[in-house]
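For clarity, every value in this text was computed on a predicted model and none was experimentally measured.
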Amino acid sequence: GNEKITSERIESLSNISLNVNTFKYSKLNIIKNIKEEPYVDNVKVKRILPDEIKIEITERKPKYVILYNDSYIYINEMGYILEISNENMELPSITGISTSSDSLIPGDRLEQADLENMTVLLKINDALNNNGIESKITNYDVSNKNDYMIEIKDEEKIVHFGNVINLNDKVLMLKEILVKEKNNQGEVFLQDLNKVFFRQNV
């Protein structure tokens, strides 16, 4: 199940040596060792007689990036910090994260306030994905719980959701506006469903 992590890396983390009786190894210790890798979500270890150990892993997938100084900090949808890199994977970015820079450590999770925002992002993404819009999003701004914002860079649009009440209705209206205002740059205001409007940049 490994795509991001090499098999050699898994073998190294497991601390298993060749030509050693497999019963000398604790399954729990093997799992604990491998889970030191931030990209590992779940590990299953099985002994296959007479002398094999089978290791199956489930990887965490990078979903968002936090830009910090000149580094890219990759996290998954559950707020696990996976990697700090100089390489740009071109994933949607998140701004407005409150987790301190000292706490942005691979293997750890974002702080509680940000985890609550991640739950909101999951709801927003589900609604966007159901309407074929999620792939357009380049940035999520979670700095204001009363106004979650997204950016669609290719169309030069900022979308103000307000809170996530009536989210599905808001996304349906957004979908109509994106078609209608396809060639126009500006901001979409969805905070009040009775006063939805698009403001074109002058």
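L121 and Y72 sit in two unconnected hydrophobic clusters of ILVMFWY residues. Membership requires side-chain heavy atoms under 4.5 Å apart, directly or through other members. Residue I97 is grouped with residue I124 when hydrophobic side chains (ILVMFWY) are merged at heavy-atom distances under 4.5 angstrom, including chains of intermediate members. Linking ILVMFWY residues whenever their side-chain heavy atoms come closer than 4.5 Å, directly or via other members, places L104 and Y140 in the same cluster. Both V40 and Y80 are part of a single hydrophobic cluster, where members link through side-chain heavy atoms under 4.5 Å apart.
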side-chain contact (heavy atoms from CB on, under 4.5 Å) assessment of N201 paired with E156: CA-CA 9 Å; N201 292 341; E156 297 188 64; 5.8 Å; no

Derivation and outcome, salt bridge (charged side-chain N to carboxylate O under 4.0 Å, His left out), residues E37 and R9: CA-CA 9 Å; E37 166 57 55; R9 170 69 172 154; 3.2 Å; yes

V45 and I53: side-chain contact (heavy atoms from CB on, under 4.5 Å), yes or no, with the steps? CA-CA 7 Å; V45 176; I53 293 178; 3.7 Å; yes

Run the side-chain contact (heavy atoms from CB on, under 4.5 Å) check on I30 and V43 step by step: do they pass? CA-CA 9 Å; I30 294 172; V43 184; 5.6 Å; no

Please lay out, stage by stage, how E3 and K61 fare under the test salt bridge (charged side-chain N to carboxylate O under 4.0 Å, His left out). CA-CA 10 Å; E3 295 179 8; K61 307 293 184 185; 3.2 Å; yes

Start with the C-alpha gap between I105 and D108, add the side-chain angles, then the distance that decides, and say whether side-chain contact (heavy atoms from CB on, under 4.5 Å) holds. CA-CA 6 Å; I105 301 170; D108 289 352; 3.6 Å; yes

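Inter-residue side-chain proximity for K182 and V179 is flagged as unmet; no heavy-atom pair is nearer than 4.5 Å. Between Y74 and L91 the shortest side-chain heavy-atom distance falls below 4.5 Å. By the 4.5 Å heavy-atom criterion applied to side chains, I55 and S14 are counted as neighbours. In this structure, the side chains of L82 and I75 stay at 4.5 Å or more apart for every pair of heavy atoms. For the pair I73/V65, no side-chain contact is recorded, criterion being any heavy-atom separation below 4.5 Å from C-beta on. Side-chain contact between V120 and V142 is absent, with no heavy-atom pair separated by less than 4.5 Å. For the pair I158/V188, no side-chain contact is recorded, criterion being any heavy-atom separation below 4.5 Å from C-beta on. By the 4.5 Å heavy-atom criterion applied to side chains, N139 and I94 are not counted as neighbours.
For the residue pair Y64/N125, the side-chain donor-acceptor check at 3.5 Å is satisfied. There is a side-chain donor-acceptor pair under 3.5 Å between S143 and D141. Side chains of N76 and Y39: no donor on one and acceptor on the other come within 3.5 Å. In the model, D114 has a side-chain atom that pairs as donor or acceptor with a side-chain atom of S98 under 3.5 Å. Side-chain contact of D41 with T58: a donor-acceptor pair under 3.5 Å is absent, judged by distance alone.
With hydrogens and angles ignored, the 3.5 Å screen pairs no side-chain donor or acceptor of E11 with any backbone N or O of I16. For N144 (side chain) and N146 (main-chain N/O), a donor-acceptor pair under 3.5 Å exists by modelled atom type. Distance alone, capped at 3.5 Å, is enough to place a donor-acceptor pair between the N131 side chain and the A127 backbone. Between the side chain of S71 and the main chain of L67, no donor-acceptor pair closer than 3.5 Å is present. With hydrogens and angles ignored, the 3.5 Å screen pairs a side-chain donor or acceptor of K157 with a backbone N or O of N184. A donor-acceptor pair is defined here as one N or O able to donate and one able to accept, closer than 3.5 Å; such a pair exists between the side chain of T99 and the backbone of E111. Under a 3.5 Å cut-off, the side chain of R109 and the backbone N or O of I81 do not form any donor-acceptor pair.
For the atom pair M149 CE and Q191 CD, the distance stands at 9.5 Å (nearest 0.5 Å). Taking CG of L172 as the reference point, atom CD of E176 lies at 7.5 Å (rounded to 0.5 Å). Separating the CE atom in M173 from the NZ atom in K180 is a distance of 10.0 Å, to the nearest 0.5 Å. Here the CG-CG distance, from N168 to N130, works out to 7.0 Å after rounding to the nearest 0.5 Å. The NZ atom of K136 sits 9.5 Å away from the CG atom of L174 when rounded to the nearest 0.5 Å.
Taking the ring centroids of F161 and Y148, they lie at or beyond the 6.0 Å cut-off.
For I165 against N163, the heavy-atom pair with the smallest separation is N-OD1, 3.1 Å.
The pair E83-K4 meets the salt-bridge criterion, since a charged nitrogen lies less than 4.0 angstrom from a carboxylate oxygen. No salt bridge links E151 with K153; every basic N to acidic carboxylate O contact stays at or beyond 4.0 Å. Ionic pairing of E77 and R60 is not present here: no N-O contact between side-chain nitrogen and carboxylate oxygen is shorter than 4.0 angstrom. Salt-bridge formation is detected for the pair K63/E134: a Lys NZ or Arg NE/NH1/NH2 atom is positioned less than 4.0 Å from an Asp or Glu carboxylate oxygen. The pair E56-K54 meets the salt-bridge criterion, with a side-chain N (NZ, NE, NH1 or NH2) lying under 4.0 Å from an Asp/Glu carboxylate O.
When each of V159, I137, L167 is paired with L128, the side chain to side chain contact (heavy atoms under 4.5 Å, CB included) condition holds for I137 and for no other. The residue from K170, R199, E187 that alone fulfils the side-chain hydrogen bond (donor to acceptor under 3.5 Å, both in side chains) condition with H160 is E187.
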